[in-house]
Amino acid sequence: MTRFCTSCGARFSNEVSFCPNDGTPTQEVPAEQKDEGDPLLGRVIDGRYRIEEQIGEGGMGMVYLASHTVLGKRFALKVLRGEMARDPEVVQRFMQEAQAATSIGHENIIDISDFGQLPDRSVYFVMELLEGDALSDLIGRGGSIPMEEALAIIRQMASALGAAHQRGIVHRDLKPDNVHLVTRGHRNRFVKVLDFGIAKVGGASSKLTKTGMVFGTPHYMSPEQAAGQSVDHRTDIYALGVIMYEMFTGTVPFDADTFMGILSKHMFEEPVPPSKTESAARLGAIEDVILKCLAKKPEHRYQSMDELVADLDAVRAGGTVEVGRRPGIAPPQNLADSLEPPSRTEMRLSRGGTIPALPKNRGPVIVAAAAAGLIVVGGGVALAIALGGDDPVEEVPTPVVLPPPPVATAGRDAGPVPDLEEEAQDP
């Protein structure tokens, strides 16, 4: 089914209820318009990239399969089109995606090789073609894979993000759709992290990254991100915890019928431990690792990705685990019930609550910490939250330097984050 935005005209191949560009409710494309051709198909861009077919689209642009007319090599070409291409702020954010990904130079981060502008002022960049599945596809299919393979996927994500953090770059929109699993040599699930379009770079103080504006996808936002406060690399650690939770239970830890409902749960509710969900995943000490990533206060989470990797290594075990498991699937019997917990971490467990079913649409939104109301801004929807306080939180850029993690499969602005609620008492 194809839907389109009645305001900006953007089309979407999946079931997106609201346009991520301007918040307008989408409608199904009329039958008589479905056969209209894309004007870019068959064209040669800048004399060297022939557009073969459309292979995807997102909130900021469409992605095409392109072949180099001289080299014959295939690439993915991402184009920012429509009204967004005439918004300087959106164009800057689009190009920042290319600059951020390229500057990191890590094998688990997608490679950007070229960029340019079309005659109609639309901008584009060229990236490596990923032939594989998104992590969200693996989770959606469900099924049992070796625990060590599941941990290898997580370790590669952590390694890529750790390299980004060393360069002062925080992804801020980490989610399964932005993690692709490809074949690389003898490895069938080699991780590629992509979509750094809303990444925060170093101590950037532009209006693209200012305090009070939150970019991301609600189900994977950290509490401080949901509150519109300043964020640092630990917001990616929280998002990785959400992904791990979803990998092993088949559902995200927090859900609601509205964006604001989801954000409120991130800020004020404790997650239900995976062992207490309907799927009753038997994960041993790995559950403690996940819950530490999901701590409300950044100082109670892992303070770096290499700390997280070290504890993952400490609880590694054989057997299998259900990735994307669904209620009714029996937990694996050959996975150790009790593993040694990480020795240098203090785990905080909570109990209670239920997890509603996931909504179909989990598109990105922008939350503005300002007066109440719905505000349309370039690149997404701004939902206003009255947080109180007159002055934004000042961020003191502090680069995070991490030693190379002990991982064979992979090669900030660290400002104070205000407390969102009183520290929970130990059980």
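The structure presented is a predicted model; accordingly, all values stated were derived computationally and were not measured. Count residues from 1 along the sequence. Below, each value reflects all heavy atoms present in this structure, side chains not excepted, and no hydrogens, waters or symmetry copies.
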Open item on the list: Does Lys292 qualify as a cation-pi partner of Tyr302, given the criterion of NZ or CZ under 6.0 Å from the six-membered ring centre and within 45 degrees of its axis?
Closed with: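 Cation-pi check for Lys292 and Tyr302: passes.
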Find the distance between [atom1] ([X]) and [atom2] ([Y]) and round it off to the nearest 0.5 Å.
{"X": "Asp38", "Y": "Gln54", "atom1": "CG", "atom2": "CD", "answer": "6.0 Å"}
{"X": "Asp195", "Y": "Met127", "atom1": "CG", "atom2": "CE", "answer": "8.5 Å"}
{"X": "Leu283", "Y": "Met244", "atom1": "CG", "atom2": "CE", "answer": "10.5 Å"}
{"X": "Ile55", "Y": "Leu130", "atom1": "CD1", "atom2": "CG", "answer": "8.5 Å"}
{"X": "Ile104", "Y": "Asp111", "atom1": "CD1", "atom2": "CG", "answer": "11.5 Å"}
{"X": "Leu40", "Y": "Ile45", "atom1": "CG", "atom2": "CD1", "answer": "5.5 Å"}

Under 3.5 Å, is there a donor-acceptor pair between the [X] and [Y] side chains?
{"X": "Tyr220", "Y": "Glu246", "value": "yes"}
{"X": "Ser136", "Y": "Asp177", "value": "yes"}
{"X": "Ser304", "Y": "His233", "value": "no"}

For the student: nearest non-hydrogen atoms of [X] and [Y], plus distance:
{"X": "Gln225", "Y": "Met221", "value": "OE1-CA, 3.5 Å"}
{"X": "Pro223", "Y": "Tyr238", "value": "CD-CE1, 3.4 Å"}
{"X": "Tyr49", "Y": "Thr69", "value": "N-CG2, 4.5 Å"}
{"X": "His266", "Y": "Lys296", "value": "O-NZ, 2.5 Å"}

Open item on the list: His68 vs Val126, test: side chain to side chain contact (heavy atoms under 4.5 Å, CB included). Steps then yes/no.
Closed with: CA-CA 11 Å; His68 198 285; Val126 180; over 6 Å; no
TODO: Dump the intermediate steps for side chain to side chain contact (heavy atoms under 4.5 Å, CB included) on Arg189 and Ile145, then the final yes or no.
DONE: CA-CA 11 Å; Arg189 290 191 170 118; Ile145 67 173; 3.8 Å; yes
Open item on the list: Please enumerate all residues that pass side chain to side chain donor-acceptor pair (under 3.5 Å) together with Arg50, with sequence neighbours excluded.
Closed with: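 So Arg50 forms no side chain to side chain donor-acceptor pair (under 3.5 Å) with any residue.
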Close side-chain approach of [X] and [Y], heavy atoms under 4.5 Å:
{"X": "Arg167", "Y": "Ser103", "value": "yes"}
{"X": "Phe115", "Y": "Val123", "value": "no"}
{"X": "Phe190", "Y": "Thr183", "value": "no"}
{"X": "Phe259", "Y": "Pro218", "value": "yes"}

Task: From CA spacing to verdict: side chain to side chain contact (heavy atoms under 4.5 Å, CB included), Asp288, Ile290 - done: CA-CA 5 Å; Asp288 296 337; Ile290 295 172; over 6 Å; no
Open item on the list: Between Arg48 and Asp114 (salt bridge meaning N to carboxylate O under 4.0 Å), is one present in this structure?
Closed with: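 Looking at Asp114 together with Arg48, the answer is yes, because their closest N to O distance falls below 4.0 Å.
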TODO: Please determine if Asp232 and Arg234 form a salt bridge, counting it only when a charged side-chain N lies under 4.0 Å from a carboxylate O.
DONE: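 Yes, Asp232 and Arg234 are salt-bridged.
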TODO: For atom CZ of Phe75, decide whether the heavy atoms of other residues, nucleotides or ligands shown that lie under 6.0 angstrom number more than 12.
DONE: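 Enclosed: over 12 neighbouring heavy atoms sit under 6.0 Å from CZ of Phe75.
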Task: Close aromatic pair by centroid cut-off 6.0 Å: His219 and Phe254 - done: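 No, ring centres 6.0 Å or more apart.
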Open item on the list: Taking salt bridge (Lys or Arg N to Asp or Glu O under 4.0 Å) as the cut-off, I'd like each qualifying pair that reaches into residues 117-140, sequence neighbours left out, listed once.
Closed with: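 As it turns out, the salt bridge (Lys or Arg N to Asp or Glu O under 4.0 Å) pairs with a partner in residues 117-140, which skip direct neighbours, are Arg74-Glu131, Glu128-Arg184, Glu128-Lys192, Asp133-Arg141.
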Task: Test item: Gln303 side-chain N/O and Pro298 main-chain N/O as donor-acceptor pair under 3.5 Å - done: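 Checked: pair present.
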Open item on the list: Has Thr102 got a side-chain atom pairing as donor or acceptor with Gln99's backbone, closer than 3.5 angstrom?
Closed with: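 No, because the side chain of Thr102 does not come within donor-acceptor range (under 3.5 Å) of the backbone of Gln99.
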Task: Plane angle bin for Phe125 and Phe94 - parallel if under 30°, tilted between 30 and 60°, otherwise perpendicular - done: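 Ring orientation of Phe94 relative to Phe125: tilted.
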TODO: For the pair Ser159 and Asn108, evaluate side chain to side chain donor-acceptor pair (under 3.5 Å) and give the outcome as yes or no after the intermediate values.
DONE: CA-CA 8 Å; Ser159 177; Asn108 292 119; 4.6 Å; no
Open item on the list: Is there a salt bridge (charged side-chain N to carboxylate O under 4.0 Å, His left out) between Glu270 and Lys276? Walk through the geometry before answering.
Closed with: CA-CA 13 Å; Glu270 291 297 326; Lys276 298 299 181 181; over 6 Å; no
TODO: Pick out which of His165, His171, Arg172 makes a side chain to side chain donor-acceptor pair (under 3.5 Å) with Asp236.
DONE: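 Answer to the side chain to side chain donor-acceptor pair (under 3.5 Å) test with Asp236 among His165, His171, Arg172: His165.
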- [ ] Please lay out, stage by stage, how Ser264 and Glu269 fare under the test side chain to side chain contact (heavy atoms under 4.5 Å, CB included).
- [x] CA-CA 8 Å; Ser264 295; Glu269 289 191 13; over 6 Å; no
